[in-house]
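What's counted below: heavy atoms across the whole structure, side chains too, no hydrogens, waters or symmetry copies. Chain letters run A, B, ... following the sequence lines, proteins first, then strands; residues in each count from 1.
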2 protein chains.
Amino acid sequence: MILHHHPFLAPCRFVRLALAEHALEVDLVSEPFWEARESFVAVNPGLTLPMGYDHGRGPLIGATVLMEYLDERYGAGRPRHRLMPSDPFQRAEVRRLVEWFLVKFEEEVAGPFVTERILKVEIPNRHGGGAPDSRALRVARENIVGHMHYLGSIASARNWLAGEQFSFADLAAGAALSVIDYLGEAPWDADPAVKTWYQRLKSRPAFRPLLSDRARLVHPAPHYADLDF
Amino acid sequence: MILHHHPFLAPCRFVRLALAEHALEVDLVSEPFWEARESFVAVNPGLTLPMGYDHGRGPLIGATVLMEYLDERYGAGRPRHRLMPSDPFQRAEVRRLVEWFLVKFEEEVAGPFVTERILKVEIPNRHGGGAPDSRALRVARENIVGHMHYLGSIASARNWLAGEQFSFADLAAGAALSVIDYLGEAPWDADPAVKTWYQRLKSRPAFRPLLSDRARLVHPAPHYADLDF
């Protein structure tokens with residue numbers, strides 16, 4: 001598979017994790033979406049990342065589109081390790097949580113952090129780069145508190161986030177937290193259940209490539225790659 | 001099925017259309033989400049609408065969660081009228097367009113129109129109601145132009161929006177346009193292909209209940225219920 005992505009966008013990290021959990025090889029293409037390259041806009045007018053091609057066919061545009069595709073195409077072959085449960089109401093819960101982390105948490109927390117602290121440094125001024133908006137960062141730091149409590153309430157009540165079974169929901173939440181953790185903005189002391197859950201996730205082999213990502217001008221928090229933090 | 005909804009939110013209309021196309025009966029519950037009723041928050045902390053229960057089981061939270069559930073549970077039984085194609089890349093295109101209309105178009109166009117012109121009239125001031133924000137309306141009126149052109153480009157190139165086959169993508173776009181049409185904000189002259197496509201959609205029996213919805217204090221545009229407008 002070919003994946004157009006940005007290494008610090010949570011929805012892109014989510015799909016990289018899902019590909020790795022399925023043991024699928026991927027060619028990553030860093031896409032400077034702010035440049036709106038003509039050939040990219042032509043197939044993807046919303047400039048949505050991630051975007052994938054499988055066996056030369058596609059495009060597959062957007063994280064949940066890729067999730068459903070991966071599960072339909074490659075999930076059935078690994079029933080014991082499938083990331084989408086078989087019960088329809090459990091599936092609904094996985095999808096609800098994936099949307100929670102890739103849309104709501106992204107809008108309220110991860111998106112603003114990544115935009116202000118990583119993208120704006122990387123993007124030239126003429127394309128919208130520049131100084132971070134301290135108000136947006138302050139709001140994201142306020143928003144994360146409620147989200148950590150919510151995540152804690154489900155992490156402590158269940159084995160994995162959507163229930164007994166490890167699922168796409170864990171990957172979505174983990175992808176979102178990982179970019180915040182890179183920036184040293186994850187309040188791990190807020191809830192021990194969240195930290196324990198994230199440690200289990202972080203020690204999976206699929207997570208390893210994310211831990212060696214480096215932003216061009218922004219260093220990771222010192223503990224970013226530590227499994228025991 | 002029981003559906004907690006608001007009659008003028010496009011994602012709720014999308015699910016009502018999908019239920020009607022599947023010939024499923026539904027008990028509608030109008031949910032004053034701005035009140036954050038305790039029993040509603042307890043199962044649905046994001047206050048997301050629509051939310052459904054099927055045969056007493058659930059909750060099924062969010063429009064795309066409900067879409068996938070309906071297709072998995074009831075789609076296979078109607079292969080010739082299924083709203084999700086069988087080809088995996090066609091499915092990806094349906095899902096991409098559903099997300100386009102229920103997330104992107106909703107954020108940029110339908111959401112602001114409904115919030116400013118319907119919800120703020122209905123919601124008490126203490127819960128965030130009040131006078132419409134004329135700047136938000138101006139931005140939505142600017143945003144709709146590009147969207148109508150994009151919709152026109154796909155409506156004129158394909159039989160239905162996602163391809164040959166009628167699909168959830170048509171319901172998502174139709175639901176979003178219908179609330180704008182109610183408010184007289186749909187620029188039908190912008191693209192004849194969009195108007196022709198919408199007329200075909202509007203004349204389907206599943207659409208009829210939406211055409212008799214009335215907002216509490218806001219009258220529909222005169223042509224709202226006309227099939228030939």
If one checks every heavy atom of B:Glu108 against chain A at 4.5 Å, the contacting part turns out to be neither
With chain A, the option among B:Ile61, B:Asp54, B:Leu66 that has the most non-hydrogen atom pairs under 4.5 Å is B:Ile61
Contact list (residues 42-50 of chain A to chain B, heavy-atom gap under 4.5 Å, by number) returns A:Pro45, A:Gly46
For residues 72-99 of chain A against chain B, heavy atoms under 4.5 Å, the residues are A:Glu72, A:Asp87, A:Pro88, A:Phe89, A:Arg91, A:Ala92, A:Arg95, A:Arg96, A:Glu99
Ring pair (Phe, Tyr, Trp, His ring centres under 6.0 Å) pairs touching residues 90-112 of chain A, sequence neighbours excluded, are A:Trp100-A:His147, A:Trp100-A:Tyr150, A:Phe101-A:Phe105, A:Phe105-A:His147
For residues 154-179 of chain B against chain A, heavy atoms under 4.5 Å, the residues are none
